[in-house]
Amino acid sequence: MPRKDHEVPPVASGSRLADEIVVSSRRSGAKAFPQKGLGWMRRRVASAEVALMVVALICAAMLALPGRTINTAFINDVLIFIDGAHRIAFGQVPNRDFHTALGPLVFYIPALGYLLTGNFGAAIPMGMAVLIVVFVPAMIRILLSRLSPALGFALGIFLILVLAAPINLGSPVRLLSFAMFYNRIGWVALGLLLVIYLRPRSPIARNDLADCLAVVFLLLIQFYTKATYGLAGVGFLIFMLSDRQQLPWIMMSLLATALAMIAIEFVWRGTSQHLEDLRAAARVSGEHDIRSILKNVRENLSDLIVFAAFSLVAFWQTRGLRDLLFCGFCVGAGLAIINQNAHSWGIITLYSGATVLVERARQIQSGNENEMGRRSARLAGALPLLLVFFLLPPIMHHGAAVILHTALAEEKAGQPLGPPRFEDVRETDPPGGEPDFIRRYLDSIASGGALLQALPGPVERVFVLDFVNPFSAGLGIRPPAGDTAWFHWNRNINEKTYIPPEALFADVRIVMVPKAGINSLPLQELYGPYISKEFDVVQKTAEWTVYGRPHAESESDAR
C-alpha cells in the first residue's frame, strides 16, 4: 500500500534520542522530508550527544589526572571542604557531628575524591570530575530532547565548563580556586531545569520517566549542596504546573523528590539541625538592602540588557504571557540567588533562558508563512547569532581556567601549604603577587602544623579559633565533634548568633589561637573568656597560643 504524505516512515536504528528528534522534525516540518535529510538530522543529534560526552570526559580528565589542587585565591574557603572530607573519612556526618549551613554534598563530593585517591590535593578535583560525568545523562536528556542539536550542544558546552572551571564565578582566570564550587553546581542544575520550559520536540520524543529521573536528580543535587537553589528549582516547577501537557510528570517529579528526601533523612538524620544552621546563618547575613541588589544589577548589567533583547524578540514572536513570566523568573530568581552569594557576576539563568527563547522563536518562525511572519522571522533569525556571541565569552573564559589549572597542576607549580598531608594542596602567587596578609596566613599554617607536631603526648581533637581548621586534615588527626566547619564573621556568626561555648568546645582537647588569623580577633572577644577559664596555656609563639584542656584523657585512652 502506498504511503500517505503525512505518515512517518520507519527510521534506522541508532541513538534512541536521535531517532525521536528526527521523527519530531519530520512531523513538524515540510510534507516531504527527503530520506537523505532524515539521516543527516539523525547524525546531527547523535553527534551532539557524543560531543557533549567527549567534552565532559575531557574536562573530568583534566581535573582528575594531575591529582593536585592549585590555588591562587580563597585558600581558606578551599580548606573548609578538605577539612570536611577528612571529617567524613573519620566517620563524622554533616550537621550531626559538625555544624554547617551548606548541604552535605558539599563535603561528600571531596570526600568521594579523597576516598578514590587517598590524597587531599586530588580530593576536590576528583570529586568534581566524577560529578561532571554524573551530570551528563540528565544534561543530554533535557537539552537534546527539547533544543535543536546546535543549541543543545552550545548550551551544554557552556554548562559543562561552568561546572568544571576551578574559579569562582566572576573571578579572573588567574585567580584559580575551588572555593564556593557549590555555587557553580547549583547554577548549572537550575540552568538545566529551565530548559524543561520547552516541551519535547515530538510525542515520540516524550519520555516522562526519563524527564522525571533527570529533574529529581537535579533537585536533589540543588537541595543537598545549597538549599536556595533547590527552593528556586521547586518554584520553577510549580510555575511549570501551568503546562497541562507536562503537568503529570512534573507532579510525579515533585512527589518523587519529596519521597527521596524522606528516605535520605532516614540515613542522614541531620535535616532538623541543617535547618537550624540555615536559620542561624540567615539571622546573621540573610538580609540584604537595596544597595546590594543594585550592585548586582550593575555588575550584570550587560547580561541583563542582552537577555532583555532576547525576551523582546521572543515575546514579539509568541505574544505569550507564559513566555513573559518565564523571562521574569530567569531575571528575578537569578538576582535573588546571586544576592545571597559571595560572587557578584554570573546569573546563569540568563544564559539558559536566552537559549530557551531562541528555540521558542525558531519554532514559531517555522510556522509563520504570511508576510508579517516572514518579516518577524528575519528578526528572529538573528537570535542564534546573538546567542553565539552571548555564550562564547564565558565559554572561552571558563575553558581557559580549566586549561590553566591543569597545566599548573602538571608542573607542580607553587608551594605546598606546610602540613605533611598537604603536599599536593599548593598555593601559587597570582600575577602581581600575593597580598602580605594572605602570605602571613599561609606561613602561620606551616608554623602551626610544626608546633602541633612538636607537642608532647597525643595530639587530637584540635580546634582553631579562626575561619577554618587546617590542622586535622593536614596532620591526619582525629577532629573534634560538635564544632563547626567554618566561622565567617558576619556571615554565619556574630556577637548575637553563635554556638554556645559549652557545646562548641565539649569535645575539644587543644585550642589553637592565632595572633593574626582571617577573623580571629572578634572570635577571641566572643570565646576568649571561656577558653581562659576551661583551658591552660601550653605554649606561646610569635604566631600562636596553644591551649590544652587540663587532666583530659585522649579518646583512645578513654576507650
Side-chain angles (χ1 to χ4, degrees), residues 55-72 74-94 97-98 100 102-136 160-161 163-167 176-182 184-185 221 224-225 401-428 445-446 449 468-479 485:
V55 171
L57 289 174
I58 290 173
C59 288
M62 291 177 73
L63 289 176
L65 292 181
R68 294 182 189 91
T69 293
I70 303 296
N71 292 277
T72 56
F74 310 114
I75 184 61
N76 51 304
D77 279 71
V78 175
L79 289 172
I80 295 172
F81 315 125
I82 294 176
D83 176 65
H86 175 70
R87 289 173 180 270
I88 289 171
F90 264 86
Q92 291 193 3
V93 177
D97 296 305
F98 61 94
T100 171
L102 294 172
L105 276 179
V106 172
F107 303 98
Y108 281 109
I109 289 170
L112 175 62
Y114 178 63
L115 176 67
L116 293 174
T117 63
N119 179 0
F120 283 124
I124 307 178
M126 176 61 78
M128 288 301 294
V130 172
L131 187 69
I132 290 169
V133 174
V134 171
F135 254 90
V136 171
I160 288 171
L161 288 173
L163 197 60
I167 55 172
L176 296 173
S177 180
F178 286 96
M180 293 166 277
F181 70 91
Y182 47 84
R184 293 184 283 111
I185 297 172
I221 285 286
Y224 291 108
T225 51
V402 176
I403 293 170
L404 179 60
H405 184 273
T406 302
L408 293 176
E410 282 290 344
E411 294 175 2
K412 298 185 70 172
Q415 298 294 323
L417 292 193
R421 304 190 71 188
F422 285 166
E423 174 64 27
D424 289 316
V425 182
R426 306 179 75 86
E427 180 78 10
T428 181
I445 293 176
V468 66
N469 178 1
F471 299 124
S472 295
L475 300 178
I477 58 178
R478 179 174 296 280

Colleague: With heavy-atom distances below 4.5 Å as the criterion, would you say the side chains of N71 and T428 are in contact?
Modeller: no
Colleague: Between D83 and A485, what is the shortest heavy-atom contact and its length?
Modeller: OD2-O, 4.4 Å
Colleague: Grab the two heavy atoms, one from I477 and one from H86, that are nearest each other, plus how far apart they are.
Modeller: O-NE2, 2.7 Å
Colleague: Applying the side-chain contact (heavy atoms from CB on, under 4.5 Å) criterion to I82, which one of V468, I124, L417 satisfies it?
Modeller: I124
Colleague: Given the rule in the side-chain contact (heavy atoms from CB on, under 4.5 Å) test, do I221 and V134 qualify, once you have shown the distances and angles that lead to the verdict?
Modeller: CA-CA 11 Å; I221 285 286; V134 171; over 6 Å; no
Colleague: Looking at side-chain heavy atoms only, is the closest gap between H405 and F178 below 4.5 Å?
Modeller: yes
Colleague: Decide yes or no for I109 and F181: does some side-chain heavy atom of the first lie under 4.5 Å from some side-chain heavy atom of the second?
Modeller: yes
Colleague: I'd like to check the side chain to side chain donor-acceptor pair (under 3.5 Å) partners of E410; sequence neighbours left out, ordered by chain and number.
Modeller: none
Colleague: Answer whether the closest heavy-atom distance between the side chains of P416 and V425 falls below 4.5 Å.
Modeller: no
Colleague: Is a side-chain N or O of T225 found less than 3.5 angstrom from the main chain of Y182, in a donor-acceptor match?
Modeller: no
Colleague: Residues two or more places apart in sequence or in another chain: which of them pass side chain to side chain donor-acceptor pair (under 3.5 Å) with N119?
Modeller: D424
Colleague: With the side chain counted from C-beta on, respond yes when F81 and T69 share a heavy-atom pair under 4.5 Å apart, and no when they do not.
Modeller: no
Colleague: Return the minimal non-hydrogen interatomic distance between I132 and A164, and the atom names on each side.
Modeller: CD1-CB, 3.6 Å
Colleague: Which heavy atom in A123 sits nearest to a heavy atom in P110, and how many Å separate them?
Modeller: CB-O, 3.4 Å
Colleague: Donor-acceptor pair, distance only, cut-off 3.5 Å: does the side chain of R184 make one with the backbone of L163?
Modeller: yes
Colleague: Are L112 and M126 side-chain neighbours, meaning at least one heavy-atom pair lies under 4.5 Å?
Modeller: no
Colleague: Are L105 and L131 packed together at the side-chain level, in the sense that at least one heavy-atom pair is separated by less than 4.5 angstrom?
Modeller: no
Colleague: Atom CD1 in I80, atom CD1 in I75: separation rounded to 0.5 Å?
Modeller: 10.5 Å
Colleague: Mark yes or no for whether R68, through its side chain, and G121, through its backbone, hold a donor-acceptor pair below 3.5 Å.
Modeller: no
Colleague: Give me the atom names and distance for the closest heavy-atom approach of P419 to L475.
Modeller: CB-CD2, 4.4 Å
Colleague: By side chain to side chain donor-acceptor pair (under 3.5 Å), which residues pair with Y114, not counting sequence neighbours?
Modeller: R421
Colleague: Do R87's NZ or CZ and the ring of F107 fall within the cation-pi criteria of under 6.0 Å and 45°?
Modeller: no
Colleague: Closest heavy-atom contact between Q92 and Y108?
Modeller: O-OH, 4.5 Å
Colleague: Any side-chain heavy atom of I445 within less than 4.5 Å of one from L79?
Modeller: yes
Colleague: Nearest 0.5 Å please: distance from the CZ atom of F74 over to the CD1 atom of I167.
Modeller: 10.5 Å
